[in-house]
Amino acid sequence: MSAVISQWQQPQQEQRQPGDGIELTASLAGQEQLLTPAALEFLAGLHRRFEPARQARLAARRERQAYFDAGGLPDFRADTAAIRNGHWRVAPLPTALLDRRVEITGPCDPKMVINALNSGAKVYMADFEDSTAPTWANLLTGQRALRKAVAGTLDWMAPDGSKHYTLKPFEEQAVLMVRPRGWHLDEKHLRVDGAPIAGGLFDLGLFAFHNAAALAAKDRGPYFYLPKLQSMEEAQLWNEVLDHVERALGLAAGQIKVTVLIETLPAVFEMDEILHALRSRIAGLNCGRWDYVFSYLKTFRAHRDKVLPERGQVTMTQPFLRAYSELLIQTCHKRGAHAMGGMAAQIPISGDEAANEAALAKVRADKLREVTAGHDGTWVAHPALIPLAMRIFDERMPTPHQQHVLRDDVLIIRDDLIKPSFGTITRSGFEGNVEVCVRYLAAWLEGNGCVPIHWLMEDAATAEIARTQLWQWLHADGLFLDDGTPLDFALLERALIGLPSKLADRMKLPGGSKLDEAIAMLDALTHADTLEEFLTLPAYQRID
């Protein structure tokens, strides 16, 4: 444990009365049932104990990015070589997490929760992060739905009364995992001693407070996915938080299990270290590939030789992404953890059988690549893809997992993980980035964080790729489209001006009322001299 973290974990000496220093800045009918005085005190305790350490970790991120901006390159750490070279394994996995061959992810609204738990997937990741716009209503509706789901009482009626959704029996449901927000995000609606609580502590803490005992009694965790980590110190901080939660809620040590998304470029160089920091409770690592591409772009925003081609060409067959996937499998299996594959974002294309089959063929090829490489499971965004993915993993992985596939053939060095990709930037690729970013941002500002666009389920990660690519392309010198057109701000201006008429038929769809605001935001973000760290940071100030 680093001194930066441990120095802030001494008991608070000042005497407080219950409720002192706790301020809710929003109100929603029925919120007192979730945000009870005891729950608020629990959350305030998390904030007071861990907020200084969180800020220290965020400062370390900024310092590291400054090093990259000055021309530095990420690499494996010399000071942690003993961890990478040591003979150790993570704690044994609980029965509920032994077989995770297909997982479905999505937001936490009641209908989604029911459909995902009933979907036939092995795991449902209820997402408070990239597929949820964190309005106060979305957050509390999601927490309420998950609390009822854990209790077995969740149902949902279609607004017109035509359909009533209920949960299958518990033993037929997917295993529930919850993804809180990353360390970089605040929850502005709950302030403690004048400062906003971390979004991740709010999401995880409130869910654990209400559901941990019930889930532990069923031998179902609680289980979490931890996003956006960049270092072992950030993993250590989460471990300290979870130790504290277990003690405060009377859970056994190590009862809470987690899977960490390796979705930042710095983190791929510290996978052994992250597993080690969480070794008493970690179940695996996940290839969060869309955020990983975003992180590659952001890390190398000032590196002209690391500019990527358009998003459609940055597939898992690109050398730097294949190296990332294979190293993750090797690292996890060496340590007794699951190596989870990435997201299939396709959704069924109705009314066009040929286009639908072409999309499904891409999913088949991707899932076959993953299971053949040695992954223990994979992600899908739509229930219709579950049978397809399940069939591929059932055929190629008859055992619950394939940790026996050690991938001793893999020898990955630093340069393999940062190798530039070859490809082009087409006019359609440029304009597609503009459209995806604007449409997603407009929907997000209206409160929808999971948006179908061109038969792909887009979330914040894919919008971030589009936005960051646009910024980098426009700020790098001497880039051209494949037809010879200069990549400049005049090109962006023409694309933005043409969007309202292009999307006129979608103005009544989610995000339609925010289209002009989204266009103005993207214009400002791409013109800024410095790349905004996350799209959701300025956007969050524009929602309730």
Side-chain angles (χ1 to χ4, degrees), residues 1-6 53 56-57 60-61 63-64 67-68 72-93 97 226 228-240 242-243 253-254 257-289 292 295-296 299 319-341 370 373-376 401-419:
M1 178 54 55
S2 69
V4 170
I5 294 175
S6 61
R57 292 295 99 224
R61 286 187 183 184
E63 182 178 346
R64 180 183 275 188
Y67 168 75
F68 298 145
L73 298 173
D75 204 345
F76 298 98
R77 290 171 55 165
D79 63 326
T80 57
I83 293 176
R84 292 194 301 278
N85 297 330
H87 299 285
W88 52 270
R89 290 171 67 84
V90 303
L93 304 182
L97 296 180
L226 302 179
K228 304 286 193 296
L229 270 67
Q230 293 194 18
S231 67
M232 64 174 287
E233 286 80 9
E234 293 183 20
Q236 288 173 334
L237 178 54
W238 268 123
N239 197 60
E240 289 294 321
L242 296 172
D243 282 347
K257 301 297 183 185
V258 300
T259 299
V260 170
L261 290 126
I262 300 300
E263 53 186 352
T264 70
L265 186 62
V268 80
F269 293 95
E270 300 189 30
M271 290 192 291
D272 272 307
E273 293 89 335
I274 288 169
L275 287 168
H276 190 266
L278 291 156
R279 61 192 179 279
S280 68
R281 65 175 76 257
I282 195 161
L285 303 177
N286 176 288
C287 279
R289 57 191 182 193
Y292 189 78
S295 179
Y296 183 100
T299 300
F320 84 98
L321 288 174
R322 185 173 65 248
Y324 148 66
S325 169
E326 291 179 343
L327 181 60
L328 185 143
I329 295 166
Q330 182 190 62
T331 304
C332 285
H333 290 179
K334 179 180 179 182
R335 306 304 182 185
H338 281 348
M340 301 301 297
E370 288 181 329
H375 281 290
D376 301 291
H401 54 79
Q402 46 186 347
Q403 289 183 15
H404 58 279
V405 178
L406 298 178
R407 293 305 308 266
D408 290 333
D409 59 306
V410 171
L411 178 60
I412 303 297
I413 61 174
R414 190 274 306 274
D415 289 351
D416 296 324
L417 294 165
I418 62 174
K419 184 174 294 186

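Throughout, residue positions are numbered sequentially from 1 according to the sequence presented.
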Discussion item. Around atom CG of Leu411, are there more than 12 heavy atoms from other residues, nucleotides or ligands closer than 6.0 Å?
Written reply: no
Practice prompt. Can you sort out the partners of Phe68 under ring pair (Phe, Tyr, Trp, His ring centres under 6.0 Å), two or more places apart, ordered by chain and number?
Written response: none
Item to complete: Please identify each residue that fulfils side-chain contact (heavy atoms from CB on, under 4.5 Å) with Ala277, with sequence neighbours left out.
Response: Ala235, Gln236
Worksheet item: His338: what forms a side-chain hydrogen bond (donor to acceptor under 3.5 Å, both in side chains) with it, not counting sequence neighbours?
Response: Gln403
Response to the item:
Residues passing the side-chain hydrogen bond (donor to acceptor under 3.5 Å, both in side chains) test with Asp409, sequence neighbours excluded, are Arg407
Practice prompt. Under the ring pair (Phe, Tyr, Trp, His ring centres under 6.0 Å) rule, collect the residues that match up with His276, sequence neighbours excluded.
Written response: Trp88
Discussion item. Going by salt bridge (Lys or Arg N to Asp or Glu O under 4.0 Å), name the residues that satisfy it together with Asp243, two or more places apart in sequence or in a different chain.
Written reply: Arg281
Worksheet entry | Pairing residues for Asp75 by the salt bridge (Lys or Arg N to Asp or Glu O under 4.0 Å) criterion, not counting sequence neighbours | Arg414
Response to the item:
Taken in chain and number order and not counting sequence neighbours, the residues that satisfy side-chain hydrogen bond (donor to acceptor under 3.5 Å, both in side chains) with Asp79 are Arg77
Worksheet item: Does Glu263 have any side-chain hydrogen bond (donor to acceptor under 3.5 Å, both in side chains) partners at least two apart in sequence or in another chain, and if so, which?
Response: none
Worksheet item: Who passes side-chain contact (heavy atoms from CB on, under 4.5 Å) against Ala60, sequence neighbours left out?
Response: Arg57
Worksheet entry | Any side-chain heavy-atom pair of Leu321 and Cys287 under 4.5 Å | no
Fill in: Tyr324: ring pair (Phe, Tyr, Trp, His ring centres under 6.0 Å) partners, not counting sequence neighbours
Tyr292
Worksheet entry | Partners meeting side-chain contact (heavy atoms from CB on, under 4.5 Å) with His404 (sequence neighbours left out) | Thr399, Gln402
